[in-house]
There are 2 protein chains.
Amino acid sequence: MTPRKRVETMEENRARLITAARRAFAEKGYANASMDDLTAAAGLTRGALYHSFGDKRGLLAAVVNQIDEEMAARAQAIGDRIDDEWEALMAVGAAYIELALEPEIQRIVLLDGPAFLGDPLQWPSQNSCLQSTQTSVRRMVAQGVMAPVDPEAAARLMNGAALNAALWVAASDDPQAVLQRAIDAFRLLSRGLLARPG
Amino acid sequence: MTPRKRVETMEENRARLITAARRAFAEKGYANASMDDLTAAAGLTRGALYHSFGDKRGLLAAVVNQIDEEMAARAQAIGDRIDDEWEALMAVGAAYIELALEPEIQRIVLLDGPAFLGDPLQWPSQNSCLQSTQTSVRRMVAQGVMAPVDPEAAARLMNGAALNAALWVAASDDPQAVLQRAIDAFRLLSRGLLARPG
DNA sequence: CAACCCACATACGATTCGTATGCGAAAGGA
DNA sequence: TCCTTTCGCATACGAATCGTATGTGGGTTG
């Protein structure tokens with residue numbers, strides 16, 4: 001059975017709504033984005049939106065999901081290029097801080113996401129970044145590279161530190177300079193998790 | 001000159017509105033809290049609210065301010081009881097994680113605050129917790145206890161780690177057990193900032 | 001070809017916010 | 001003492017927005 005044309009256009013409209021929502025949420029924030037304007041910009045009406053996403057939160061969830069997957073892919077690509085696993089983790093952390101500099105990610109994923117969807121780890125997307133960090137930590141603990149630390153806790157704290165660093169950098173007057181300070185502090189802090197931090 | 005009675009009652013009404021707002025924001029979240037219900041619960045109307053706080057965001061700012069000061073006082077009290085400054089900082093970090101377990105603090109200060117008011121460090125209250133952490137770090141760097149790290153960056157990252165740990169703990173099924181794991185990981189992580197972490 | 005289904009549009013009611021205006025009580029001067 | 005002004009707050013109004021309930025047209029199925 002070949003997919004019907006109706007289905008194809010529906011997927012298309014879903015994608016167009018998500019794209020329009022990314023723009024609107026990033027610019028005005030979730031709370032101040034009008035769904036009438038949003039859907040009109042996509043050439044549709046609220047009818048399509050409620051049919052595809054249930055409600056406004058459903059649309060936000062879909063948007064966060066999409067961005068989250070993109071973030072995971074980009075971070076993964078950076079980590080894969082480095083052989084030493086610890087250095088790879090540090091690079092991913094730095095990359096994560098830089099990622100959060102993008103207004104879209106900051107506004108939607110870091111601010112509105114937790115506020116309106118709740119704890120990121122319980123999102124369907126499972127916050128992919130955190131997930132990969134956790135498995136990486138688990139491996140290094142097994143290898144004795146890292147001290148015997150709870151992998152989930154370590155991943156949580158490192159991500160939290162990076163996240164907050166990103167908010168700090170983004171709000172500063174001189175992002176480039178502050179970015180370097182943040183990354184340096186991140187490396188120093190992470191050192192504590194090594195088996196032989198000296 | 002004695003204060004006029006009108007002023008006294010006005011301060012009283014301000015306080016009553018803030019108290020009602022704390023309850024409403026904590027229970028329903030900032031976005032879903034109705035100002036009509038809010039003010040009615042305080043025995044007033046929206047007129048008083050707009051007169052005292054300008055708009056809804058102004059009320060949120062006042063609420064966040066009040067809670068933030070309470071948090072700083074409680075953390076300070078814990079840190080003051082410990083002589084060794086490093087151990088005091090660790091204790092404050094742990095206390096901060098525990099503080100964030102309270103739904104009121106979590107919902108209002110950690111989720112809605114950043115989402116609707118922007119970066120915490122630029123709030124009028126200046127996020128007192130972070131401020132004291134920063135000065136503490138500065139002293140220890142000068143004493144050679146801590147490695148030569150940027151005090152602002154270190155304070156930012158430590159607070160971020162603690163904040164995220166708290167969100168994690170609060171969302172978990174067994175908060176007490178997870179709390180211990182979070183605090184242990186926090187201490188291990190922070191070790192990296194010491195001059196001699198071995 | 002007729003009945004049906006589905007994706008989406010339209011119409012409507014219910015909240016909620018911000019502002020503009022009204023009112024009563026206290027303060028101050030003649 | 002009386003009149004006027006000020007101030008804190010209530011009331012009234014308009015605008016915006018969300019969710020639901022209903023309508024509709026093109027494609028599908030029997």
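Numbers restart at 1 for each chain; the letters A, B, ... are given by sequence-line order, proteins then strands.
- Side-chain proximity of A/Tyr50 to D/dC18, C/dT10, C/dG18: nearest is D/dC18.
- Residue A/Met35 contributes atom CE, which lies 14 Å from atom P of C/dC8 at whole-angstrom precision.
- Residue B/Ser34 has its side chain nearest to C/dC17 when only C/dC8, C/dC17, D/dG19 are considered.
- The CZ-P distance, from B/Phe116 to C/dC17, rounds to 12 Å in whole Å.
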Test side-chain contact (heavy atoms from CB on, under 4.5 Å) on A/Glu85 and A/Val145 and set out the steps. CA-CA 9 Å; A/Glu85 193 156 11; A/Val145 175; over 6 Å; no

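- In this structure, the nucleotide among D/dA10, D/dG19, D/dG8 sitting nearest to the side chain of A/Lys56 is D/dG19.
- As rounded to whole Å, 16 Å separates atom P of D/dC13 from atom CG of B/Asp36.
- Residues B/Leu17 and B/Thr39 are in side-chain contact: their nearest non-hydrogen atoms beyond the backbone lie under 4.5 Å apart.
- Distance CZ (A/Arg46) to P (C/dA9): 11 Å, rounded to an integer number of Å.
- In this entry the distance linking CZ of B/Arg16 with C1' of D/dG8 reads 14 Å, nearest Å.
- The nearest whole Å value for the distance from the CG atom in B/Asn13 to the C1' atom in D/dA10 is 12 Å.
- The A/His51 side chain lies nearest to C/dA7 when the options are D/dC18, D/dC9, C/dA7.
- Both A/Ala31 and A/Gly47 sit near DNA chain D, but only A/Ala31 has its closest nucleotide nearer the 5' end.
- Using a 4.0 Å cut-off between charged side-chain N and carboxylate O, A/Arg187 and A/Glu87 make a salt bridge.
- Each of A/Asp37 and A/Gly54 was assigned the nucleotide of DNA chain D with the nearest heavy atom; the assignment lying further toward the 5' end belongs to A/Asp37.
- If you take CG of A/Leu49 and P of C/dA7, they are 15 Å apart, rounded to a whole angstrom.
- Side-chain atoms of A/Thr45 lie closest to C/dT10 of the nucleotides C/dG18, C/dT10, D/dC9.
- The aromatic rings of B/Phe25 and B/Tyr30 sit perpendicular to each other, their planes meeting at more than 60°, with 30° as the lower class boundary.
- Using a 4.0 Å heavy-atom cutoff across all strands shown, A/Ala40 reaches no nucleic acid atom at all.
- A single hydrophobic cluster is seen to contain both B/Trp168 and B/Ile97, as judged by linkage of ILVMFWY side chains at heavy-atom distances under 4.5 Å, directly or through other members.
- Note: CG (B/Leu44) to P (D/dC7) measures 20 Å, nearest angstrom.
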